[in-house]
Amino acid sequence: MSKCLKIILEGDFFSNDIRELVIQFFPDYIIKKESKDKADLRITVIRKKSWVNSTVARNGKVVEKFTELTGQNDRRQIKTLVYKTLSEFTGKELKWGTMTGIRPARIAHGKLVEGKKKTLVAYEIQREYGTDNIRTEDLIKIAGLEIERLYPLDKNKIQLYINIPFCPTRCNYCSFITRDAKADSSELEKYLGNLFVEISKVGDFMSQNNFKIESAYIGGGTPGILNCSSTTRLLEKIREKMPVQGVIEYTFEAGRPDTVTEDKLNILKHFGIDRISVNPQSLNEKTLKTIGRSHSADDFYKAYELARKVGFKTINCDMIMGLEGESSADMIRTAESLIALNPENITVHSLSVKKSSYLKNSIYKDNLFNDLEENEAAEDIYRMLKSKSYNPYYIYRQKYTVNNGENIGFSKKGHEGYYNLAIMSDKRSIVGLGAGSTGKIYFPDTDRFERMETVKNIDLYNKNIESIAIEKIKQIKSLTNNIDMI
Ligand code: SF4
């Protein structure tokens, strides 16, 4: 059961960095800020012009460290000093060291692109961030894969994301804006009509201006809730309007196994879908009921077998670490069962509890999770997958994960999801269509990107579809300066 650790940060230098470190050093605690006289743990940072001092104190135990500031990167130096102080205080080292960014492979990517050898990149990353050998090696492999697949950079190569924000039921951890497909069937039809308008307008513009879709991803929500007729209409519209002729990967997130039928899978195959996600999240029946999924473990196995029978190049299965009521043994059993099926991709998520989920209140009220145990299970699963030739090909870290864990896409060699590689690298434009979709426009010349957001509220999306489409076109148009402004 999680306990509460009340902390006071004195000095308040880069307090977010320090708080993130505290969360990782004390994974079995819920961290709360407290006043000096009531705090259990006191962290003090004193910074002068040329030096900085860090002290960690709790229950009479005090560890103090000091370093001279070089003036080159005070923020990183202070973070490293606090890391070392916490490390000595707790007797622990963190697998990620001081690396707390959302996409850790970016650092390795940047260094490799500068032309540095892998051994030098490994040395620099470990010196600068203190990551362990496993993480360092994986980051360099992921960055190497990104560079191999995505270069030379090309502003006309676009990834397409289509959002279907409807689901059969709402999972208790869900933070997406998603509607009940059965209750809102007329809403679904109305939404599709507007989505087709957006696909048509944006697709026409892209086709006429030499943009090419490299990979496409239909996600949600649960796109699998579309019946055969709607699935066909959607895929026909994409084929008719979007420049998808040379697409190298086409993913459909069937998601919930209870939405998978053989007829629908045949339609997907017919339209060139070659990567499909069938996601149990857990194969523990009790957990599936607790989290509000309307399917059983058996439904998942049947859906998986159907997908195999119909024949897709790549099948992905998602699982989540830290679901309500799950023990580490439950999580390991789910991972073992997935490995036994031998899908090409297995994605391991860490539960992220966001404000808009049903779970948000109960997690803090009832202390549902044992983070320490879950961290150990995550490491066991990481090792297990790697020993079965599943290698990480993307890693990202979210805020508010219960164990401060990562989301990791594992893949058999040659099946690494291109869309995921592209989106994680920040080296490709992603055009997101549909309510709640996100995307970005990447400018290779200046190595920067601009976000592309779409309103989450489905009613507002329906109401403003014309202006939404115009705005998207303007953003895509900004990629080139030799096209007339609309
Ligand atoms: S399937 Fe995904 S989008 Fe739908 S309710 Fe569950 S978590 Fe949310």
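Just follow the structure's listing: the first ligand is 1, and inside any ligand the first atom is 1.
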Trainee: Does Tyr161 have any ring-ring contact (aromatic ring centres under 6.0 Å, His included) partners at least two apart in sequence or in another chain, and if so, which?
Mentor: Tyr217
Trainee: Identify every side-chain donor-acceptor pair in residues 330-338 under 3.5 Å, counting partners at least two apart or on other chains, and give the distances.
Mentor:
from	atom 1	to	atom 2	distance (Å)
Asp330	OD1	Asn284	ND2	3.1
Asp330	OD1	Arg333	NH2	2.7
Asp330	OD2	Asn284	ND2	3.3
Asp330	OD2	Ser327	N	3.0
Asp330	OD2	Ser327	OG	3.2
Thr334	OG1	Leu283	N	3.0
Thr334	OG1	Asp330	O	3.3
Ser337	OG	Arg333	O	2.9

Trainee: If the cut-off is 4.0 Å to any non-hydrogen atom of Arg293, which atoms of ligand 1 fall inside it?
Mentor: 1 (S)
Trainee: Of all heavy-atom pairs between Arg428 and Leu153, which one has the smallest distance, and what is that distance?
Mentor: NH1-CD2, 3.8 Å
Trainee: Distance to the ring centre below 6.0 angstrom and angle to the axis at most 45 degrees; does that hold for Arg135 and Tyr382?
Mentor: yes
Trainee: Can you list the atoms of ligand 1 that are under 4.0 Å from a heavy atom of Arg170?
Mentor: 5 (S)
Trainee: Please state which protein non-hydrogen atom is closest to atom 8 (Fe) of ligand 1 and give its distance, to 0.1 Å?
Mentor: Cys174 SG, 2.3 Å
Trainee: Kindly confirm whether atom 4 (Fe) of ligand 1 is within less than 2.8 Å of some N/O/S atom in Cys171?
Mentor: no
Trainee: Could you check if a side-chain atom of Leu235 sits within less than 4.5 angstrom of a side-chain atom of Tyr250, using non-hydrogen atoms only?
Mentor: yes
Trainee: Can you tell me how far CD1 of Ile218 sits from CG of Leu160, rounded to the nearest 0.5 angstrom?
Mentor: 7.5 Å
Trainee: Write out the residue and atom name of the closest protein heavy atom to atom 1 (S) of ligand 1, then the distance separating them to 0.1 Å.
Mentor: Arg256 NH1, 3.5 Å
Trainee: Considering the heavy atoms of Tyr173, write down every atom of ligand 1 situated less than 4.0 Å from one of them.
Mentor: 7 (S)
Trainee: Under 4.0 Å, heavy atoms only, figure out whether ligand 1 is touched by the backbone of Thr169, its side chain, both or neither.
Mentor: backbone
Trainee: Which atoms of ligand 1 have any heavy atom of Gly221 under 4.0 Å away?
Mentor: 3 (S)
Trainee: Donor-acceptor check, side chain of Lys427 to backbone of Tyr442, threshold 3.5 angstrom: yes or no?
Mentor: no
Trainee: With a cut-off of 2.8 Å, does Cys167 place any N/O/S atom under that distance from atom 8 (Fe) of ligand 1?
Mentor: no
Trainee: Give the atom numbers and elements of ligand 1 that come within less than 4.0 Å of a heavy atom of Thr222.
Mentor: 1 (S), 4 (Fe)
